[in-house]
Amino acid sequence: MLKSLMKSKLFWPIVILVIILLINLFFDRGFFQIEVRNGRLAGSLVDILNRGAPLMLISIGMTLVIATKGIDLGVGSVIALSGAIAATTVADASEGSLAPLFAAIALAIFVCMVAGAWNGFLVSRIGVQPIVATLILMVAGRGVAQLVTQGQITTVYYDPYTFIGGGYLLGLPFSIFIVVAVLLLALFVTRKTAMGLFIESVGSNPEASRLSGINSKNILMMVYIFSGFCAAIGGLILSSNVASADGNNAGLWYELDAILAVVIGGTSLMGGRFYLMGTIIGALIIQSLTTTIYSIGIPPETNMVVKAIVVLIVCLLQSPEFRSKVFGSFKAKKAVESEDDKGVTLS
Amino acid sequence: MKKLSLDYKQLPLIATMSLFIVMFAIGSMRYTGFLSTQVFLNLFVDNAFLIILAVGMTFVIISGGIDLSVGSVIALTSMVAASLTMNAGLSPWIVIPISLSVGTIIGLGQGYLIHYYNLQPFIVTLAGMFLARGLSYLISVESIAISSPFFDYMAGTRIPLGGGNFISISVVIALIVVLFAVYVSLFTKFGRNVYALGGSEQSALLMGLPVARTKILIYTFSGFCASLAGLVFTFYMLSGYALHANGMELDTIAAVVIGGTLLTGGAGYVAGSVVGVLITGIIQTMIVFEGTLSAWWTKIAIGVLLFFFIVLQRVIVLRTKPK
Amino acid sequence: MKEQAPRLVMEGIDKEFPGVKALSNVNLTLYPGEVHALMGENGAGKSTLIKVLTGVYTIDKGTVTYEGKDIHVKSPHDAQDMGITTVYQEVNLCTNLSVTENIFIGREIMKNGRIKWKEMNKRAVELLKRLNLDIDVTKLLSSYSVAIQQMVAIARSLNVSAKVLILDEPTSSLDRDEVKQLFAVINKLKSEGMAIVFVSHFLEQVYEISDRITVLRNGEWVGEYAIEDLPRLELVGKMIGKELNEMSSISKERKSSVKGEAILHAQNLSKKGRIEPYDLELHKGEIVGLAGLLGSGRTELARLLFGADKADTGELKISGNKKVLKTPKQAIANRIAFCSEDRKAEGIIPELTIRENMILAMQGMYGWFKYISKKRQMEIADEYTKLLNINPPNPEQLIKNLSGGNQQKVMLARWLITNPEVLILDEPTRGIDIGAKTEIMKLMVKLSGEGMSILFISGELEEILRTCDRIAVLRDRKKVSEIVNKDHQTQHEVMTEMAGGV
């Protein structure tokens with residue numbers, strides 16, 4: 001029982017998350033306390049969920065992209081773009097009507113999905129490597145976002161807009177509901193339709209998938225569009241949180257955090273199997289790490305160093321060469337075999 | 001036919017050169033005062049650090065890799081230099097070598113991980129980027145202003161070129177690096193091995209080339225260039241700050257690609273990257289001269305150029321494939 | 001020639017990869033000034049032997065004696081330093097570098113730490129002159145044809161004053177004149193005392209250029225023969241082997257006459273450089289075999305029928321209706337299935353389970369929205385795991401953990417589940433144990449009895465003779481004849497056609 005539990009891809013991420021939370025408990029006895037203030041749940045755990053919402057969303061999209069052996073470097077810029085579009089749309093809206101809110105959301109999501117489609121087009125039709133293809137949007141997207149906001153930090157004086165990221169529903173932050181909804185959507189599409197199977201199959205062996213009659217181009221296209229969709233919503237939350245849009249700085253580093261969350265969650269950068277729940281836990285680990293560092297008084301600047309070390313450890317653990325060097329001979333044999341594969345395919 | 005395919009490979013470089021000339025010509029026609037030696041020289045003065053970064057990055061990209069850590073290494077170097085000078089009060093003779101070793105060591109470590117554990121350069125240098133940025137925050141969150149005779153001299157000295165035109169010491173350093181790199185890439189075994197590695201790592205191995213040494217040295221050199229660029233950047237800003245050069249790795253990659261280096265590796269020229277940097281510089285200059293255009297147009301323009309060159313490269317790769 | 005001391009002797013070489021014995025007790029003796037052909041079908045161990053000799057792999061057991069001394073080659077670089085060099089089929093040079101550089105890289109002519117380009121270019125021209133080649137050496141290698149690239153690779157080995165030159169399938173992408181040019185070079189080098197190993201699947205070329213032949217089969221050493229002592233037919237027999245006993249239980253009532261409309265009818269189908277125009281008919285319940293040596297175009301022929309490659313010419317009729325197959329998806333929709341020979345690259349999805357691998361093609365037919373329920377998937381997977389006797393009988397096991405034979409059965413299941421009318425099996429028995437082979441062939445016979453049409457590609461002639469109604473023979477990327485499988489005469493006929501030009 002314990003063995004099968006340990007074999008589960010979620011085991012180690014959960015252990016790490018629990019350890020981080022326990023460290024917090026050690027420094028702050030009230031860490032796990034959740035109380036009701038003004039009919040709203042409050043406490044550090046709720047805080048982590050709330051603050052981690054944008055990262056969780058973006059990581060969900062990134063998970064599917066990485067499962068196809070791709071990567072989406074453009075999400076940070078798309079976040080900025082989404083916030084910029086929405087904020088500009090509602091900037092001067094009158095309080096009375098909700099129509100501007102929905103218009104803003106629809107417009108932001110639409111434009112960001114077009115941006116995703118652009119990435120998907122370059123990757124699947126032109127055949128550009130994903131890193132290279134999405135680099136374009138990473139550079140130019142932020143420029144476009146600034147173009148939308150005219151280089152200013154656009155402030156929103158339209159209250160309904162702040163509900164997206166700051167509102168409460170049934171005593172819980174509204175952003176948590178958004179995450180759950182998107183997660184359920186992703187889980188439904190990938191586990192209740194064949195989409196998940198196709199994504200894993202295209203990521204694991206594209207040629208074999210083609211010969212099995214799967215249209216990998218369309219799959220790639222959809223995955224990048226979905227990533228754009230997730231980034232759009234994440235961008236809405238982030239911009240709504242601060243009731244403004246900053247084309248230059250919104251969503252900075254988010255692509256990297258998202259990749260990190262996906263990798264911690266057990267999805268390999270080499271594509272194939274993906275773990276949406278693992279990704280969620282990965283994103284929560286990153287968020288609680290940040291919270292912890294703040295709460296126990298380590299300089300917050302350490303955060304990046306810790307992240308760097310975590311990335312390296314996770315990658316090393318995924319590397320067959322490293323495992324064969326560190327752990328025994330059984331795995332070493334596997335490495336030899338994979339070396340042989342290379343030789344055979346190239347000769 | 002044979003001649004045609006050769007031209008294809010050089011097409012990006014030709015495109016880059018023509019682009020620069022066309023842009024300079026347009027600028028000169030549109031804006032008064034654009035066509036002057038100093039405007040041209042200022043492209044170097046204002047972008048000396050970017051040129052040095054691009055030189056290191058060119059080797060990395062030609063070899064088929066990527067280095068995302070360079071922007072952060074600039075920040076870290078500036079912090080190390082600033083804190084050693086201002087807080088520890090050390091002499092520049094000690095500060096400079098220590099600062100230069102910062103990026104070199106990071107590059108060495110990255111190269112080692114990439115080669116021996118077969119990790120993706122992208123992810124390793126991403127970690128390096130976090131690490132360097134985080135370490136600079138650890139030194140200090142605040143910006144550290146530098147005032148020391150040495151740094152003031154390096155920053156303030158104008159080397160006259162006659163006719164009232166001048167360049168800075170940083171430009172001289174950048175040009176030395178460029179000349180050195182051109183020589184290395186064309187006339188040394190290491191330089192040629194870099195190209196071979198980018199052409200096909202498997203072939204390079206079977207031809208008996210020292211793949212491990214070359215690969216590690218490439219990232220070490222890029223790290224060194226990043227540190228040197230960090231120093232030059234420090235001369236330029238006269239401060240150390242953890243937020244320095246934020247996102248500059250992207251500017252560097254863009255400049256290298258616009259300079260005609262294939263992102264998939266195997267082809268490119270150091271000189272091309274220099275022109276690539278000048279093109280990004282000239283875009284900024286034109287936007288300044290235009291007056292009404294805002295700074296973000298630079299990003300959009302670079303993005304568009306990037307797209308153009310990436311598609312051009314893709315076409316070339318498809319055309320030159322034997323099938 | 002035999003009086004001379006051998007230049008290189010490999011004795012009792014063993015090499016094992018996890019799960020595969022690639023070489024066992026293999027020998028190779030090379031004399032100066034000879035061209036020695038290394039022959040064998042897929043998986044015979046030619047490539048492994050070459051890689052062992054050139055230090056890409058280490059040797060598990062056995063000795064290598066080079067010019068009278070025991071040697072241990074540690075790396076390709078090591079081998080080159082000793083004078084053992086290889087020119088691979090996919091020329092292993094860097095096409096992004098100039099001709100000169102490809103000849104000299106790693107051994108550049110230096111002076112004061114500076115590469116002497118002028119001198120290197122001059123030397124390169126001289127070296128290529130020795131090979132009767134006059135080209136601009138400063139141009140990129142990619143601007144020249146594969147034939148010239150090969151010459152450059154040879155020139156590279158001349159530059160390191162090689163004593164043993166291994167040519168691994170050097171002629172597979174050359175045209176007739178280029179082959180002639182290459183042979184002239186080989187003969188010249190031979191007269192200069194070079195020991196040359198020549199690997200090729202073109203029998204004609206082997207007989208034209210070689211002095212002696214070493215034959216390998218399934219990683220084992222079959223024998224070493226002087227060329228004049230080994231007629232073509234005998235060579236083919238030694239290469240493809242006979243595993244009669246195990247398969248004797250397979251019997252099939254052959255359909256001697258086929259009537260009615262063909263279910264699959266290819267006319268004049270071709271793809272440039274891959275397979276020359278061919279006609280082929282496949283009737284209901286018929287097994288047609290494609291026989292031919294490695295590289296004869298068997299796979300290439302089959303791929304056109306499945307839309308895996310697009311045909312340049314010709315047309316395809318399915319049940320009498322003209323169809324154009326541009327993608328495998330279209331072929332599957334027309335109830336054609338294709339089980340690729342390259343299981344690893346084109347078959348299995350390593351990260352997925354047996355169950356998921358099985359239902360993939362069927363799900364592909366349904367599209368992504370119409371998901372086959374987990375329950376139905378389980379039923380299907382259980383059914384086929386039992387039917388095909390897949391081990392371990394656990395559909396949730398990852399396919400990458402299975403043995404080759406069981407992976408192959410999963411691939412078969414993937415296609416049987418789609419209930420095809422035409423099943424194309426490309427070397428379904430390669431690299432799997434004899435028990436699984438027999439099972440797969442029995443299954444083929446059973447399926448054809450139930451009305452499925454099967455196109456069966458195999459390098460083992462015996463398997464084809466056991467199962468097929470008709471046999472199409474290919475040679476040099478061309479379908480050369482079609483033989484009705486009727487009696488013991490057939491084997492001789494097919495082998496004669498495979499060997500060609502006797």
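Below, chain A is the first sequence line, B the second, and so on; all start at residue 1.
Heavy-atom distances place both the backbone and the side chain of Leu269(A) under 4.5 Å from chain B. Both the backbone and the side chain of Leu147(A) come within contact range of chain B, judged by heavy atoms closer than 4.5 Å. With a 4.5 Å cut-off on non-hydrogen atoms, Ile259(A) touches chain B through its side chain but not through its backbone.
Interface remark: of the candidates Leu312(A), Val132(A), Val144(A), Val132(A) forms the most heavy-atom pairs closer than 4.5 Å to chain B. Ranked by heavy-atom pairs under 4.5 Å with chain A, the first of Ala127(B), Gly128(B), Ala301(B) is Ala127(B).
The two atoms that bring Leu256(A) and Met129(B) nearest to each other are CD1-SD, 3.6 Å, heavy atoms only. Looking at every heavy atom in both residues, Ala140(A) comes nearest to Gly303(B) through CB-CA, 3.7 Å. The minimum heavy-atom distance linking Phe307(B) with Ile136(A) is given by the pair CA-CD1, 3.6 Å. The heavy-atom pair separating Gln129(A) from Thr264(B) by the smallest distance is OE1-CG2, 3.3 Å.
How far CD1 of Ile71(A) is from CD1 of Ile123(B): 6.0 Å, rounded to the nearest 0.5 Å. In this structure, CD1 on Ile253(B) lies 9.5 Å from CD1 on Ile131(A), to the nearest 0.5 angstrom. The distance from the OH atom of Tyr116(B) to the CG atom of Leu316(A) is 15.0 Å, given to the nearest 0.5 Å. Here CG of Leu250(B) is found 4.5 Å from CE of Met138(A). Values are rounded to the nearest 0.5 Å. Note that CG of Leu122(A) is 8.0 Å distant from CD1 of Ile310(B), once rounded to the nearest 0.5 Å.
At a threshold of 4.5 Å between non-hydrogen side-chain atoms, the residues Val305(A) and Tyr137(B) do not count as touching.
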